[in-house]
Amino acid sequence: MERVWIEDLGKFVGKEVEVRGWLFNKRSSGKVRFLIVRDGTGFLQVVMIKNDLAPEIFNLYDQLTYEDAIIVRGVVKREKRAPGGYELLLTDLKIHSKSLDTYPIPKVRPENIPDVGKLFKFRHLWIRSRKQWSILRIRDEVERAIHDFFGSRKFVRFDPPIFTPASVEGTTTLFPVPYFEEGEVYLTQSGQLYLEAGAMALGKVYSFGPTFRAEKSRTRRHLTEFWMVEPEVAWATLDDIMDLAEDLIVYIVERVLENRRMELEILNRDISRLEAVKKPFPRITYDDAAKILLEEKEKGRDIDFTYGEDFGSDEETVISERYDRPVMITRYPRKIKPFYMKPDPEDPTKVLCVDVIAPEGYGEIIGGSQREDDYEELIRRIREEGLPEEEYSWYLDLRKYGSVPHSGFGLGIERTVAWVSGASHVREVIPFARTPERVRP
RNA sequence: GGGUCCGUAGCUCAACAGGCAGAGCACCCGGCUGUUAACCGGGGGGUUGCAGGUUCGAGUCCUGCCGGGCCCGCCA
């Protein structure tokens with residue numbers, strides 16, 4: 001008999017197969033009993049009919065409790081009444097191992113679902129639930145889409161170091177790590193400076209990996225450990241990478257709609273909001289965005305924004321509400337952006353940068369820029385920021401030996417997955433979230 | 001760093017103005033031949049986060065401590 005995964009059951013209609021998994025739920029109406037079995041690839045209704053089964057098998061039902069590991073055999077049937085469209089008419093059942101205690105997470109009643117925050121102490125079990133299962137499968141699809149996107153455009157994956165001696169963005173906080181005679185190094189906040197070196201060597205590169213920020217940010221959009229994808233392209237201008245960012249986001253959303261529709265439905269995601277994500281995205285400047293905020297303020301909305309400062313998350317939401325797709329905001333004031341961004345030749349008080357704000361209040365998912373490629377100008381900026389010049393000597397070499405225009409951006413995986421899946425908090429979209437107050441489990 | 005809310009059964013929550021600590025789910029027992037996070041009947045389950053105070057009497061009021069949630073700033 002063939003052992004199959006639930007996601008492949010459609011290929012075995014009429015055949016007797018074996019499924020190995022865990023008991024997700026059970027119900028009985030006497031002589032007909034139902035098991036919901038999950039095996040990681042899906043959820044399956046299993047039917048036990050008293051007259052068709054030996055009593056010692058039929059009665060095993062009474063022993064079953066949540067999350068027992070079980071092995072079921074039966075005949076696959078197409079069945080409208082079954083969730084998922086297929087069910088298994090049981091012929092044999094084995095309890096591989098019993099749950100030793102009451103399962104700590106209620107799974108049956110929607111009104112009994114604890115606050116998301118409280119569930120994190122059970123994260124190792126919580127990921128077995130339908131919604132978390134769906135979110136993690138969407139995350140996988142997003143990540144896979146990203147690799148396929150860059151692969152098809154012949155970008156070379158370039159893995160920057162995790163241990164770094166200096167900060168990319170001097171203002172944010174770093175996690176120090178003891179490092180032999182060196183004393184202290186830091187966990188990376190961004191691979192960008194290394195990616196710029198990679199772009200000069202390999203043309204089009206991207207990195208995909210974890211980054212760390214020791215910010216005590218307690219919001220639904222922050223983690224201390226999060227994943228980023230960062231492309232960097234030689235000879236690319238700001239407009240070039242804005243096109244790239246737009247294509248990437250559209251592709252990610254398309255792929256999720258194509259391959260993870262069932263999961264979106266389990267999450268009650270409004271799919272029409274995702275279907276609206278098509279090219280072109282609106283492109284506005286910082287000054288345009290500031291005007292929008294001013295208009296909204298005149299309409300009586302409570303907006304606390306001063307021209308010249310960065311947008312807060314409330315302001316981002318107000319701006320994004322005007323559009324049904326991500327909005328790209330360019331040319332922020334130079335003084336609120338890091339040293340490596342190139343000033344706008346038409347207005348040197350601004351830099352050639354872009355933030356992409358996701359719809360529905362999910363906030364900034366991309367930050368990118370055209371990089372300063374002039375040697376003298378870059379030194380000047382490093383000194384202006386009071387950064388340790390010696391640490392940047394290798395970075396300056398990139399401008400010394402055949403400097404070219406180049407641009408790149410970073411896309412936050414968790415914020416993107418949270419937006420696409422409709423999750424309320426980025427902690428839900430990574431298997432084991434790290435926040436200032438939680439590193440367990 | 002700032003603001004705000006909450007700790008009662010394994011989980012979610014009640015308990016009016018201080019007066020016998022309760023319900024749903026989970027768990028155990030019984031019933032039901034197509035259930036749809038089924039349903040019906042019964043049962044076991046508590047140091048009310050910890051320490052102190054006020055009171056005839058504290059889950060409830062006061063003080064301190066511990067733990068947690070949500071929002072903002074910073075950012076992706």
Side-chain angles (χ1 to χ4, degrees), chain A residues 24-36 43 45-53 58 62-67 77 79-84 87 89 99-122 125-126 129-131 168-169 171-173 189-190 192 210-230 266 304 309-316 336-338 355-358 362-368 409-419 424-427 435-438:
Chain A
F24 186 74
N25 197 7
K26 65 174 190 176
R27 323 178 246 280
S28 167
S29 73
K31 300 193 173 65
V32 182
R33 295 169 168 179
F34 301 91
L35 311 177
I36 304 296
F43 296 81
Q45 174 162 288
V46 177
V47 189
M48 306 175 74
I49 295 167
K50 184 169 190 180
N51 291 345
D52 296 351
L53 289 170
F58 188 73
D62 296 325
Q63 296 178 27
L64 290 172
T65 59
Y66 282 175
E67 294 300 323
K77 193 181 146 194
E79 172 58 66
K80 280 200 296 272
R81 289 171 293 186
E87 67 180 17
L89 290 169
S99 288
L100 301 179
D101 209 343
T102 303
Y103 196 66
I105 305 177
K107 296 203 294 188
V108 174
R109 300 279 162 183
E111 65 271 20
N112 282 356
I113 300 298
D115 287 352
V116 161
K118 293 187 181 174
L119 278 169
F120 278 96
K121 66 178 169 192
F122 300 121
L125 301 174
W126 186 26
S129 74
R130 264 199 187 95
K131 288 196 173 181
V168 172
E169 303 181 15
T171 53
T172 39
T173 329
Q189 293 184 314
S190 161
Q192 186 201 310
T211 53
F212 307 87
R213 308 235 171 133
E215 300 161 345
K216 289 201 171 171
S217 305
R218 300 154 51 98
T219 81
R220 69 171 72 169
R221 288 187 291 275
H222 286 84
L223 297 170
T224 53
E225 178 184 314
F226 66 98
W227 289 63
M228 271 209 293
V229 55
E230 297 180 273
I266 288 173
D304 179 28
E309 287 175 6
D310 209 347
F311 305 121
S313 66
D314 288 347
E315 285 77 47
E316 285 177 355
I336 57 169
K337 290 290 180 182
D355 280 4
V356 180
I357 313 297
Y362 282 92
E364 183 184 346
I365 54 173
I366 281 181
F409 63 82
L411 174 136
I413 301 299
E414 285 75 20
R415 287 188 185 177
T416 303
V417 176
W419 162 52
S424 57
H425 199 300
V426 288
R427 284 180 303 180
T435 60
E437 44 284 302
R438 190 175 288 285

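Letters A, B, ... are given to chains in the order of the sequence lines, protein chains preceding strands, and every chain is numbered from 1. Owing to the predicted nature of the structure, the values given are computational and were not obtained by experimental measurement.
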I'd like the C1' distance from B/rA76 over to B/rG2, given in whole Å. 23 Å
With C1' as the reference atom in both, quote the distance from B/rC20 to B/rU36 in angstrom, rounded to an integer. 42 Å
Stems in RNA chain B: runs of 3 or more consecutive Watson-Crick or G-U pairs, distances under 3.5 Å? B:1-7 with B:66-72, B:10-13 with B:22-25, B:27-31 with B:39-43, B:49-53 with B:61-65
So A/Gln45, base contact, sugar-phosphate only, or nothing? Heavy-atom distance under 4.0 Å. base
Face-on cation placement of A/Arg130 at A/Phe43 ring, 6.0 Å and 45° thresholds: yes
Are side-chain N/O atoms of A/Thr435 and A/Arg427 paired as donor and acceptor at under 3.5 Å? no
I need the A/Glu364 CD to A/Leu411 CG distance, nearest 0.5 Å. 10.5 Å
Round to a whole Å and report the spacing from CG of A/Asp355 to P of B/rC75. 10 Å
Using side-chain contact (heavy atoms from CB on, under 4.5 Å), reason through A/Asn25 and A/Tyr66 one step at a time and then give a plain yes or no. CA-CA 6 Å; A/Asn25 197 7; A/Tyr66 282 175; 3.4 Å; yes
Could you tell me how far B/rG68 sits from B/rC75 if I compare only their P atoms? Round to whole Å. 27 Å
Heavy atoms under 4.0 Å, any strand shown: does A/Ile366 hit a base, just sugar-phosphate, or nothing? sugar-phosphate
Please determine whether any donor N or O and acceptor N or O are separated by less than 3.5 Å between the side chain of A/Arg221 and the base of B/rC72. no
How far does the C1' atom of B/rU12 sit from the matching atom of B/rC6, given to the nearest Å? 14 Å
Hey, mind stepping through A/Ile365 and A/Ile357 against side-chain contact (heavy atoms from CB on, under 4.5 Å) and telling me if it holds? CA-CA 6 Å; A/Ile365 54 173; A/Ile357 313 297; over 6 Å; no
RNA chain B: 5'-proximal contact among A/Asp62 and A/Gly30 (nearest heavy atom): A/Asp62
Which part of the nucleic acid does A/Glu87 contact within heavy-atom distance under 4.0 Å: base, sugar-phosphate only, or nothing? base
Distance between C1' atoms of B/rC13 and B/rG59 (Å, rounded): 14 Å
Of the candidates B/rU33, B/rU35, B/rG73, the side chain of A/Arg81 sits closest to B/rU35
Distance between the C1' atoms of B/rC70 and B/rC16, in whole angstroms? 28 Å
For A/Gly363, report the nucleic acid contact type (base, sugar-phosphate, nothing); a contact means any heavy atom under 4.0 Å. nothing
Given the C1' atoms of B/rU48 and B/rG31, what is the spacing between them in whole Å? 36 Å
Expressed in angstrom and rounded to an integer, what is the separation of A/Phe43 atom CZ from B/rU35 atom C1'? 18 Å
What's the shortest heavy-atom distance between A/Gly410 and A/Met228, and which atoms? CA-SD, 4.2 Å
Give the rounded distance in Å between these two atoms: CZ of A/Arg27 and P of B/rU33. 17 Å
Could you check whether any side-chain N or O of A/Lys131 sits under 3.5 Å from a backbone N or O of A/Ile266, counting only pairs where one atom can act as donor and the other as acceptor? no
Rounded to the nearest Å, what distance is computed from the CZ atom of residue A/Arg213 to the P atom of nucleotide B/rG73? 16 Å
Side-chain N or O of A/Asn25 closer than 4.0 Å to phosphate OP1/OP2 of B/rA26: no
Just to confirm, is there a sub-4.0 Å distance from OP1 or OP2 of B/rC39 to any side-chain nitrogen or oxygen of A/Ser28? no
Whole angstroms only, please: what is the CD-P distance between A/Glu79 and B/rG34? 13 Å
Roughly how many Å apart are B/rC28 and B/rG44, using the P atom of each and rounding to a whole number? 16 Å
Length of the CD-P vector between A/Gln63 and B/rG30, whole Å: 12 Å
Determine whether A/Lys337 and A/Asp355 satisfy the following criterion, salt bridge (Lys or Arg N to Asp or Glu O under 4.0 Å), listing intermediate values before the conclusion. CA-CA 11 Å; A/Lys337 290 290 180 182; A/Asp355 280 4; 3.5 Å; yes
For A/Phe226 and B/rA76, are the ring centres under 5.5 Å apart with planes inclined under 30°? yes
Go nucleotide by nucleotide along RNA chain B from the 5' end; which of A/Leu223 and A/Ile36 gets its closest nucleotide reached first? A/Ile36
Value in whole Å for how far the C1' atom of B/rC11 lies from CH2 of A/Trp126: 14 Å
Between B/rG31 atom P and A/Phe58 atom CZ, what is the distance in whole Å? 11 Å
Would you name the heavy atoms of A/Ile366 and A/Phe409 that are closest together and state the gap between them? CD1-CE1, 3.7 Å
Would you indicate, yes or no, if B/rU36 has its OP1 or OP2 atom less than 4.0 angstrom from a side-chain nitrogen or oxygen of A/Arg33? no
